[in-house]
Amino acid sequence: MLDLVIKQGKLYKENKVLDLGIKDGKIIEKQPKISVLSKQVIDASGKFIIPGFVDIHTHLEKALLSHAVKNESGTLGEAIENFKEYFKTVKEEDFYQRAKKVLEMAAVNGTTAVRSHITVDTQVKMEAVNGLLKAGKDMAEYIDLQVVAFPTPFPLAVEKETLALLQEALDRGAYLLGGCPTLAPDYKAFIDKLFELAKVNDCLLDFHVDESDEPNIDALEYLAEKTMKEGYEGRVTAGHCCSLSAVDDATAERVIAKVRDAGLTIVTLPSCNLYLMGRGSKTPHCRGITRVRELLDSGVNVCYSSDNVRDPFRPFGNADMLEEALLTAQVSQLGEPFQLETVMSMGTYNPAKALKLKGYGLDIGDNADLVVLDASSASEAIISQCSRPYILKNGRVIAKNVKEAILNI
């Protein structure tokens, strides 16, 4: 007997109407009609079925603080500075409670895996990491969380102490290392130090790169070169890369080729960068969106993500990847049905590849982490912002009718 059968769902990437048979949290049957008895049956009736959304770039330790931490200029710099002050008093429980709430929001919206960059420095120490690891553990039944140990750009005076804290974060359960080399005094030295620590721990890397309106992509180019030099192809992610849109075409083509050869994953964050970037120009010709179409055309693994949720970096957001997909499609000018299929992959299969998720997808043997969308295609789902009648994690329905959903905890 099966645990669950989803009847007559239209599977993403297959464009076939099939039954899915689920047992022990896995997809074990996929065929036009399943006649085996099942404890539970979902009638999908041609609805669109995708693997769960993967939100690859978030900041859960900062989330839900737009009321408490101000950003009157709306700039990246003020948000960073004001958080430095706020973090002087925040303790583990506060980090935990806010992160858990956003993870709940994400889960009922159909996200089954999240990666979050969490501050680790000589001021915050382990408070944020501990809170996030606890939230991830308590929410593991509903959503997977990868914690990125994310140092503020460290001066030489605290380098040794910061590196020790990063190692402690990894020892406690952080999954990978990150950072923002563009803001460091020496971006090459910053990248080199994190590569050195990552290689010792055999872990992935995920950087914030060139989050600026300036026509300078030196950090991205160096990161691609360093990745190939260290044999780390396919294990490094670069988020934002806003400056790629500010340089000339020839420079962009040269660096994109290196990014492709290095197997870098690029994450565009339109919802946040549209809000933060371009504030120094009277003509908003550059608003922080990287060259999404050029990267895709070159064969780069490109993702979108939600980034900041209701904090001083962006006072908006619902931890909703379908909402982010619509914005990404519009600002990247990806509006044809085949392009919207690509956008759907940018929030599902592409980030799952970067996160190295095992058993992700809709094949027999994959984890039954699924979303049933009340639509017939990726384009309809994104454009209509459809409801999500059923969300499954490990083969269990954890939420229904997402617009009014309450997580089944």
Side-chain angles (χ1 to χ4, degrees), residues 53-63 76 79-80 113-119 146-153 175-184 187 190-191 194-195 198 203-214 216-224 226-227 232 234-246 255-256 259-260 262-277 287-292 295-296 300-309 311 313-314 317 321 324-325 327-328 331-332 346-347 350-356:
F53 288 110
V54 179
D55 202 345
I56 189 175
H57 184 123
T58 68
H59 291 273
L60 298 181
E61 94 281 29
K62 297 182 177 74
L76 176 64
I80 291 171
V114 172
R115 176 182 283 181
S116 192
H117 301 258
I118 306 304
T119 301
Q146 285 187 2
V147 168
V148 185
F150 186 84
T152 54
Y175 188 79
L176 68 162
L177 294 168
C180 189
T182 312
L183 297 180
Y187 68 89
F190 185 88
I191 289 172
L194 290 181
F195 260 95
C203 70
L204 306 180
L205 287 159
D206 190 334
F207 292 96
H208 290 42
V209 181
D210 298 330
E211 189 179 3
S212 165
D213 296 322
E214 298 300 318
N216 185 329
I217 53 174
D218 291 348
L220 179 59
E221 186 166 24
Y222 181 74
L223 179 62
K226 179 70 173 179
T227 298
Y232 243 59
R235 306 187 69 191
V236 180
T237 297
H240 297 289
C241 305
C242 308
S243 296
L244 195 59
S245 291
V255 175
I256 287 173
V259 166
R260 179 198 61 224
L264 294 186
T265 289
I266 301 296
V267 184
T268 184
L269 293 310
S271 57
C272 193
N273 285 132
L274 279 170
Y275 185 75
L276 289 171
M277 299 291 108
R287 289 295 302 277
I289 307 305
T290 194
R291 293 182 181 238
V292 172
L295 288 160
L296 288 169
V300 175
N301 188 47
V302 184
C303 314
Y304 70 84
S305 197
S306 62
D307 205 359
N308 297 78
V309 176
D311 67 20
F313 293 88
R314 181 176 71 119
M321 286 289 282
E324 301 294 338
L327 181 59
T328 299
V331 301
S332 303
M346 289 167 62
N350 293 11
K353 177 182 178 181
L355 265 66
K356 307 296 184 186

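Side chains included, hydrogens not; waters and symmetry mates left out as well; all remaining heavy atoms used. Counting begins at 1 with the first residue of the sequence. What you see is a predicted model; the values in this text were computed from it and never measured.
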S.K.: For the atom pair CD (Glu324) and OG1 (Thr268), what is the distance rounded to the nearest 0.5 Å?
M.R.: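 Between atom CD of Glu324 and atom OG1 of Thr268 there are 10.5 Å.
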S.K.: Under the side chain to side chain contact (heavy atoms under 4.5 Å, CB included) criterion, do Tyr175 and Val147 qualify, and how do the steps go?
M.R.: CA-CA 5 Å; Tyr175 188 79; Val147 168; 5.6 Å; no
S.K.: Check Pro181 against Phe207 and note the closest heavy-atom contact, atom names and distance.
M.R.: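 Shortest heavy-atom separation between Pro181 and Phe207 comes out as CD-CD2, 3.7 Å.
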S.K.: State the CG-CG distance between Leu269 and Asn308, to the nearest 0.5 angstrom.
M.R.: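 Interatomic distance, Leu269 CG to Asn308 CG, rounded to 0.5 Å: 8.0 Å.
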S.K.: May I ask you to test the Leu220-Val259 pair for a side-chain heavy-atom distance under 4.5 Å?
M.R.: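 Yes. Closest side-chain heavy atoms under 4.5 Å.
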S.K.: Tell me, please, which residues at least two apart from Lys226 pass salt bridge (Lys or Arg N to Asp or Glu O under 4.0 Å).
M.R.: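 For Lys226 the salt bridge (Lys or Arg N to Asp or Glu O under 4.0 Å) partners, ignoring immediate neighbours, are Asp192, Glu230.
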S.K.: What is the distance from atom OG of Ser332 to atom CG of Leu327, rounded to the nearest 0.5 Å?
M.R.: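 If I round to the nearest 0.5 Å, the distance is 8.0 Å.
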S.K.: Locate the shortest heavy-atom distance separating Ile118 from Leu60; write the atom from each residue and the value.
M.R.: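 Nearest pair, atom of Ile118 first, then Leu60: CD1-N, 4.3 Å.
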S.K.: Got Asp307 and His59 here, is their nearest side-chain heavy-atom distance under 4.5 Å?
M.R.: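 Sidechains of His59 and Asp307: in contact.
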S.K.: Does any non-hydrogen side-chain atom of Leu295 lie less than 4.5 Å from one of Leu244?
M.R.: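 They are in contact (side-chain heavy atoms under 4.5 Å apart), so the answer is yes.
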S.K.: Kindly give the heavy-atom pair with the smallest separation between Arg115 and Leu204, and that separation in Å.
M.R.: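 Smallest heavy-atom distance, with atoms named: NH2-CD1, 3.7 Å.
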S.K.: Of all heavy-atom pairs between Ser305 and Met321, which one has the smallest distance, and what is that distance?
M.R.: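 In this case the closest contact between Ser305 and Met321 is CA-SD, 4.2 Å.
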S.K.: Would you indicate whether the side-chain heavy atoms of Ser243 and Asn216 approach each other to under 4.5 Å?
M.R.: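 They are not in side-chain contact.
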S.K.: Would you indicate whether the side-chain heavy atoms of Leu296 and Met346 approach each other to under 4.5 Å?
M.R.: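 A side-chain contact exists here, since the closest heavy-atom pair is under 4.5 Å.
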S.K.: So, for Ser306 and Asp55, which heavy atoms are closest and what is the spacing to 0.1 Å?
M.R.: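 What the structure gives for the nearest pair is OG-OD2, 2.5 Å.
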S.K.: Between atom CG of Asp218 and atom CG of Leu223, what is the distance when rounded to the nearest 0.5 Å?
M.R.: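 Going from CG on Asp218 over to CG on Leu223, the span is 12.5 Å.
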S.K.: Can you see which heavy atom on Lys62 is nearest to which on Asp311, and at what distance?
M.R.: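 Of all heavy-atom pairs spanning Lys62 and Asp311, the closest is O-CB, 3.1 Å.
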S.K.: Check whether any side-chain N or O of Ser245 sits under 3.5 Å from a backbone N or O of Ile289 as a donor-acceptor pair, and report yes or no.
M.R.: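 Side chain of Ser245 to backbone of Ile289, a donor-acceptor pair under 3.5 Å: yes, one is there.
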S.K.: Within the 3.5 Å criterion, strictly below it, is a donor on Asn301 or Thr265 matched to an acceptor on the partner's side chain?
M.R.: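 A pair is found: one side chain offers a donor N or O, the other an acceptor, under 3.5 Å apart.
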S.K.: Evaluate the ring planes of His208 and His117, with Trp represented by its six-membered ring, and classify them as parallel (under 30°), tilted (30 to 60°) or perpendicular (over 60°).
M.R.: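 If you compare the ring of His208 with that of His117, the planes turn out perpendicular.
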S.K.: Go through the steps to decide whether Thr227 and Phe195 satisfy the test side chain to side chain contact (heavy atoms under 4.5 Å, CB included), and finish with yes or no.
M.R.: CA-CA 9 Å; Thr227 298; Phe195 260 95; 3.6 Å; yes
S.K.: Any side-chain heavy atom of Asp210 sitting closer than 4.5 Å to one from Cys242?
M.R.: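 Of all side-chain heavy-atom pairs linking Cys242 with Asp210, none is under 4.5 Å.
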S.K.: Quick one, Arg235 and Leu176 - any side-chain contact, counting heavy atoms below 4.5 Å?
M.R.: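 Side chain of Arg235 against side chain of Leu176, heavy atoms only: no contact under 4.5 Å found.
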S.K.: With a 4.5 Å cut-off on side-chain heavy atoms, are Thr237 and Val267 touching?
M.R.: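 Val267 vs Thr237: side chains touch.
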S.K.: Rounded to the nearest 0.5 Å, what separation is found between the CD1 atom of Ile266 and the CD1 atom of Ile256?
M.R.: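 So the gap between those two atoms works out to 8.5 Å.
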S.K.: Starting from the C-alpha separation in whole Å, work towards a yes-or-no answer on side chain to side chain contact (heavy atoms under 4.5 Å, CB included) for Cys180 and Phe150.
M.R.: CA-CA 8 Å; Cys180 189; Phe150 186 84; 4.1 Å; yes
